[in-house]
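Every chain is numbered from 1, with letters handed out A, B, ... down the list of sequences. Given the structure is predicted, the values throughout are model-derived calculations rather than measurements.
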Amino acid sequence: MSPLAKLLEAALFASARPVPTEELAVLDPDASPAALQAALDELREHYDTDGHGVELSDIGGGWQILTRPEYTETIERAQLALRPTRLTAASLETLAIIAYRQPIGRAEIEEIRGVNVAAVLRSLLERGLIEATGRGEGLGRPLLYGTTPQFLEQFALRHLDELPRADEFAVALRAEPRPV
Amino acid sequence: MSPLAKLLEAALFASARPVPTEELAVLDPDASPAALQAALDELREHYDTDGHGVELSDIGGGWQILTRPEYTETIERAQLALRPTRLTAASLETLAIIAYRQPIGRAEIEEIRGVNVAAVLRSLLERGLIEATGRGEGLGRPLLYGTTPQFLEQFALRHLDELPRADEFAVALRAEPRPV
Amino acid sequence: MTVPIDLSPDAPPPSFVVELPEYAGPLDLLLSLIRDEKVDIYDIPIARICEQFLARIHDLGLNEAADYLEMAARLIRIKAQMLLPRSAGEEGWEDPRAELVRRLLEYQQIREAVDVLEKLSEDRRSRFARSYIPVSNAPPVAPLSLSLAELLAAVDRVLRAAREPVLHDIVPRALDVDGAIETVRAVLALRSSALWRDIVRGNAEPWEVLSALLALLELARRGELRLAQSRPFASVEIVRESPGEAA
């Protein structure tokens, strides 16, 4: 591999979080953006073609080395690492609403879900998937919530706009075409 | 690389700690000790001869993948080249409470600050400014937090008692006959 | 020499999966009734669905759940409105179900978003990131800019928030910044650099600590000294910076 690709590998191995391109650029101030991208491509290629247990991904606003999915179960069974627990249906629903409607306050989320979401919000905040991003207008200036970079990382997204657009969903719920 | 070497790479990458050979053996119960050793050698060899930024090391009670020393300095320098980050007001306040009330549990901090501090605690832990120092009495035996040696270094203090005492501090900011 | 795939019966049985409540909320229950009954969401037979909704929440022991009861009440209200004679003629008539339909459609959209998120998170859950970072290989995290003065200011904020009335009258002039400036200058006259503990003795009074801090900041601002940190978390070095002196 090229010296720059090796340096990037070393830096990415030393980080538990995705590292944004700008931060990687600091490693070698002489490298042009094109050279940096070429080295990242080289590293990715190397992992893919040379039979490695890890791969390079660009999610969560940065670059990150991750293990390949085929090893996950084995690693977990050997108790060397644990997958994070799954989110509950209630958490996922709340998170989906926040992801699509941010910034959004608690009352509005409850209006959409039809249930109290205080406990769910607390657990999403604790997991670092959402954060308070400001305060809304109106009575008591309610807190508004938005998703965090960690949300992107945990859902393997580069940007929020990689989510399918809401209007792409098949909203029409005519379950069965009914003869009228 | 061989399938076992790839599995070992993924496992060592994902592991939360250096892994002794016996534990690596659990990953593939069919592999003989010789085969395991051969795969470890293969991985080490691959990193060494194929121009990687990382290397396989078995110091410190287990196998781990480390960045090569020649890159460490560059990575650390890059760290300094980044604009220094500041703690948020929320983090600072939580840190102040821990500094003066340690050991202290999360619930108590939240009572003082009136907000959820889970995310803030995590970031202070990641920064190495605080650490869990024990467990409290009562329900669930909550973790108690205290400041670290790094905290002292950050403020160039030798001991915690070099911090102004909280009650003195309060007094110091109030009307007092001017000293000297 | 292959990755072992565990197909043995002692793998946890699928039934061991944590049981979530059957429905994520009253709208979820309502949607599933509509689906089960294969009725058109734009023309919900409200009496029938209402009856089934009540029966289902009874079966599920959800009689106490406020969210479900609220929906039940809403359905009953709509049912009653549907029975009212359409006095104003067909023109002005507004379908009492319209608001419910709007909410169901909105909720259905969210359910689709949930499916997307669920799939994404499963993808990511099946890959591990680095979790063990040896200390010597610190990740490229930006260094921390944090001074004792900032910490003490935070203490002050907390104290003020905690015991509001105690700390009302603040007279910052209790500090002797001028005196501290003299001390710092005296130390730097003898040495080209110093450490915090050279300026402030270990058992210093709080006002001395604060005075020294403010003095250092002031002198740094005036360009008489420089506060340097060789690396993150290293001790702060106080370095003399005299314009006349050769570097």
Side-chain angles (χ1 to χ4, degrees), chain A residues 10-19 23-24 26-27 55 57 59 64-77 81 83-84 86-90 92-93 95-97 99-100 111-116 153-157 163-164 166 169-176 178 180, chain C residues 3-6 11 18 20-21 23-28 30-31 34-43 65-68 70-71 101 103-118 120-134 137-142:
Chain A
L12 290 171
F13 254 80
S15 174
R17 289 274 161 80
V19 185
E23 279 183 43
L24 289 176
V26 178
L27 287 165
E55 61 191 7
S57 72
I59 56 169
Q64 189 174 28
I65 298 174
L66 296 172
T67 60
R68 290 185 190 277
E70 55 261 45
Y71 303 112
T72 302
E73 277 199 38
T74 311
I75 292 170
E76 199 171 47
R77 214 173 21 245
R83 272 182 279 189
R86 280 200 185 86
L87 290 175
T88 62
L92 268 173
E93 265 185 26
L95 195 55
I97 293 169
Y100 277 92
E111 163 73 20
I112 297 173
R113 285 202 52 218
V115 295
N116 181 298
E153 185 190 338
Q154 208 160 311
F155 289 86
L157 293 165
L163 284 176
F169 292 131
V171 275
L173 199 75
R174 293 176 190 271
E176 301 285 297
R178 273 165 67 91
V180 181
Chain C
V3 181
I5 301 297
D6 190 356
V18 180
L20 299 167
Y23 301 103
L27 288 165
D28 192 20
L30 205 51
L31 270 184
I34 288 168
R35 236 179 264 118
D36 293 350
E37 294 293 309
K38 296 188 178 12
V39 299
D40 186 346
I41 194 166
Y42 294 102
D43 189 18
D67 301 324
Y68 288 86
E70 196 195 317
M71 178 58 73
V101 170
R103 286 189 62 190
L104 282 170
L105 289 174
E106 184 177 41
Y107 181 75
Q108 170 64 17
Q109 215 173 33
I110 293 302
R111 297 293 306 183
E112 293 193 31
V114 165
D115 291 344
V116 170
L117 288 184
E118 212 157 20
L120 289 172
S121 97
E122 274 311 295
D123 280 359
R124 178 57 187 84
R125 273 184 84 245
S126 69
R127 296 183 289 165
F128 289 116
R130 194 91 199 267
S131 60
Y132 172 71
I133 307 289
N137 287 311
V141 165

Select one option (side chain, backbone, both, neither) describing which atoms of [X] are under 4.5 Å from chain C's heavy atoms.
| X | result |
| --- | --- |
| A/Gln64 | side chain |
| A/Glu55 | side chain |
| A/Ile97 | both |

- Message: Do C/Glu122 and A/Arg86 have side chains that approach each other closer than 4.5 Å (heavy atoms only, starting at C-beta)?
- Response: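 They are in side-chain contact.
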- Are C/Glu112 and A/Pro164 close enough that some pair of their side-chain heavy atoms sits under 4.5 Å apart?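 No - every pair of side-chain heavy atoms lies 4.5 Å or more apart.
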Shortest non-hydrogen contact between [X] and [Y], atoms and distance:
| X | Y | result |
| --- | --- | --- |
| C/Val114 | A/Ala96 | CG2-CB, 3.9 Å |
| A/Gly114 | C/Leu27 | N-CD1, 4.1 Å |
| A/Ser15 | C/Arg130 | O-CB, 3.8 Å |
| A/Val115 | C/Pro26 | CG1-CD, 3.4 Å |

Side-chain donor or acceptor of [X] paired with backbone N/O of [Y] under 3.5 Å:
| X | Y | answer |
| --- | --- | --- |
| C/Arg125 | A/Pro84 | yes |
| A/Arg113 | C/Ala24 | yes |
| A/Thr67 | C/Phe128 | yes |

- Most heavy-atom pairs under 4.5 angstrom with chain C, which of A/Ser57, A/Ala90, A/Pro69, A/Ala156?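 Top option by heavy-atom pairs under 4.5 Å: A/Pro69.
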Nearest 0.5 Å, what's the [atom1]-[atom2] distance between [X] and [Y]?
| X | Y | atom1 | atom2 | answer |
| --- | --- | --- | --- | --- |
| C/Arg124 | A/Leu157 | CZ | CG | 11.5 Å |
| A/Arg68 | C/Arg127 | CZ | CZ | 9.5 Å |
| A/Leu163 | C/Leu117 | CG | CG | 6.0 Å |

- Test log, rule side chain to side chain donor-acceptor pair (under 3.5 Å), inputs A/Tyr100 and C/Gln109: CA-CA 10 Å; A/Tyr100 277 92; C/Gln109 215 173 33; over 6 Å; no
